[in-house]
Amino acid sequence: MAQRLVLQRLLSLTPRTLPPQGPLALPASLGPTSRTFSTSAGCRSTFNVQDGSDFQERVVNNPKPVVVDFHAQWCGPCKILGPRLEKMVAKQEGKVLMAKVDIDDHTDLAIEYEVSAVPTVLAMKNGDVVDKFVGIKDEDQLEAFLKKLIGA
């Protein structure tokens, strides 16, 4: 009850009018021809594999170590592991990359890398699989997995 009263008081103090130029208007400095784009470090270190040649180019031929997350949309454990793994890869600040491979879209890659269950995570260095795990891991286990891969 007390929380509701506090919320009502806060809402009564908040102006409810839109800015005079409207909610979608751009400042003069960002006129219709000026555009900006930015990404976070986490987004740049993780990517979705598009096809076999994309996998070859961005994973196998990559000079950096790459963690490959074989997952599926219908996989509950994958939905838990994926974000956790992305977060841990982002913490490595570019020392390792993460490739996400949907096994339903890229069955050929799943077969080639002998993925028999999801989630399966491979650690690849210089095009070779150097480590692997299947299933969910906690953050400490993921950190140890990544440290081993990057040699820290």
Side-chain angles (χ1 to χ4, degrees), residues 1-4 6-7 10-11 14 18-19 23-27 29-152:
M1 185 68 175
Q3 291 173 338
R4 181 180 276 164
V6 169
L7 183 58
L10 282 174
L11 290 174
T14 306
L18 294 174
L24 299 177
L26 291 172
S29 63
L30 291 177
T33 58
S34 175
R35 300 182 194 261
T36 59
F37 181 78
S38 65
T39 59
S40 67
C43 293
R44 286 179 282 164
S45 60
T46 300
F47 58 90
N48 291 314
V49 170
Q50 303 303 312
D51 55 33
S53 62
D54 185 44
F55 185 86
Q56 183 71 31
E57 180 183 323
R58 296 170 79 183
V59 177
V60 176
N61 296 339
N62 203 315
K64 287 187 179 183
V66 182
V67 173
V68 184
D69 176 19
F70 285 93
H71 68 281
Q73 295 295 321
W74 47 262
C75 168
C78 298
K79 292 177 184 178
I80 296 168
L81 179 68
R84 189 179 291 171
L85 188 55
E86 284 181 43
K87 177 181 162 189
M88 298 306 292
V89 167
K91 278 186 176 180
Q92 303 306 314
E93 299 175 337
K95 294 177 189 163
V96 64
L97 302 175
M98 178 174 164
K100 297 179 68 73
V101 180
D102 188 317
I103 63 162
D104 292 328
D105 295 337
H106 306 293
T107 310
D108 54 333
L109 288 172
I111 291 169
E112 182 179 345
Y113 286 92
E114 300 174 354
V115 175
S116 57
V118 286
T120 293
V121 177
L122 306 180
M124 296 187 70
K125 201 179 245 185
N126 301 319
D128 297 322
V129 177
V130 295
D131 204 355
K132 171 182 180 175
F133 71 82
V134 178
I136 295 180
K137 301 283 185 194
D138 64 29
E139 288 190 6
D140 290 341
Q141 292 168 315
L142 292 176
E143 187 172 6
F145 180 80
L146 293 173
K147 295 279 187 203
K148 182 178 172 188
L149 176 61
I150 60 177

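In this structure, Met98 CE and Asn48 CG are separated by 9.0 Å, a value rounded to the nearest 0.5 Å. Taking CD of Gln141 as the reference point, atom CD1 of Ile136 lies at 10.5 Å (rounded to 0.5 Å). With values rounded to the nearest 0.5 angstrom, Ile103 atom CD1 is found 10.0 Å from Ile111 atom CD1. Considering CG of Leu146 and CD of Glu139, their distance stands at 11.0 Å, rounded to 0.5 Å.
Scanning all heavy atoms of the two residues, the minimum distance from Asp140 to Asp138 falls at N-OD1, 3.1 Å. Scanning both residues, Val49 and Ala99, for their nearest heavy atoms gives CG2-CB, 3.9 Å. Between Asp54 and Asp51, the shortest heavy-atom contact is N-OD1, 2.8 Å. Taking every heavy atom of both residues into account, Phe145 and Val121 meet most closely at CE2-CG1, 4.0 Å.
For residues 114-125, the set of pairs meeting the side-chain hydrogen bond (donor to acceptor under 3.5 Å, both in side chains) definition, not counting sequence neighbours, is empty.
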Stepwise side-chain contact (heavy atoms from CB on, under 4.5 Å) check, Phe55 with Asp108
CA-CA 11 Å; Phe55 185 86; Asp108 54 333; over 6 Å; no

_Quick one, Met124 with Tyr113, criterion side-chain contact (heavy atoms from CB on, under 4.5 Å). Give me CA distance, side-chain angles, the key distance, then yes/no._
CA-CA 11 Å; Met124 296 187 70; Tyr113 286 92; 3.8 Å; yes

side-chain contact (heavy atoms from CB on, under 4.5 Å), that's the test. Do Leu142 and Lys87 meet it? Break it down for me.
CA-CA 10 Å; Leu142 292 176; Lys87 177 181 162 189; over 6 Å; no

Which atom pairs, one a donor and one an acceptor, fall under 3.5 Å between side chains of residues 60-80 and the rest of the protein, sequence neighbours left out?
unit_1: Asn61; atom_1: OD1; unit_2: Gln56; atom_2: NE2; d: 3.4
unit_1: Asn61; atom_1: ND2; unit_2: Gln56; atom_2: O; d: 3.4
unit_1: Asn62; atom_1: OD1; unit_2: Lys64; atom_2: N; d: 3.0
unit_1: Asn62; atom_1: ND2; unit_2: Arg58; atom_2: O; d: 2.9
unit_1: Lys64; atom_1: NZ; unit_2: Gly94; atom_2: O; d: 2.7
unit_1: Asp69; atom_1: OD2; unit_2: Lys100; atom_2: NZ; d: 3.4
unit_1: His71; atom_1: ND1; unit_2: Asp69; atom_2: O; d: 3.3
unit_1: His71; atom_1: ND1; unit_2: Val101; atom_2: O; d: 3.2
unit_1: Trp74; atom_1: NE1; unit_2: Asp104; atom_2: OD2; d: 2.7
unit_1: Lys79; atom_1: NZ; unit_2: Gln73; atom_2: O; d: 3.2

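Two residues are said to be in side-chain contact when any heavy atoms from C-beta on lie closer than 4.5 Å; His106 and Gln50 fail this criterion.
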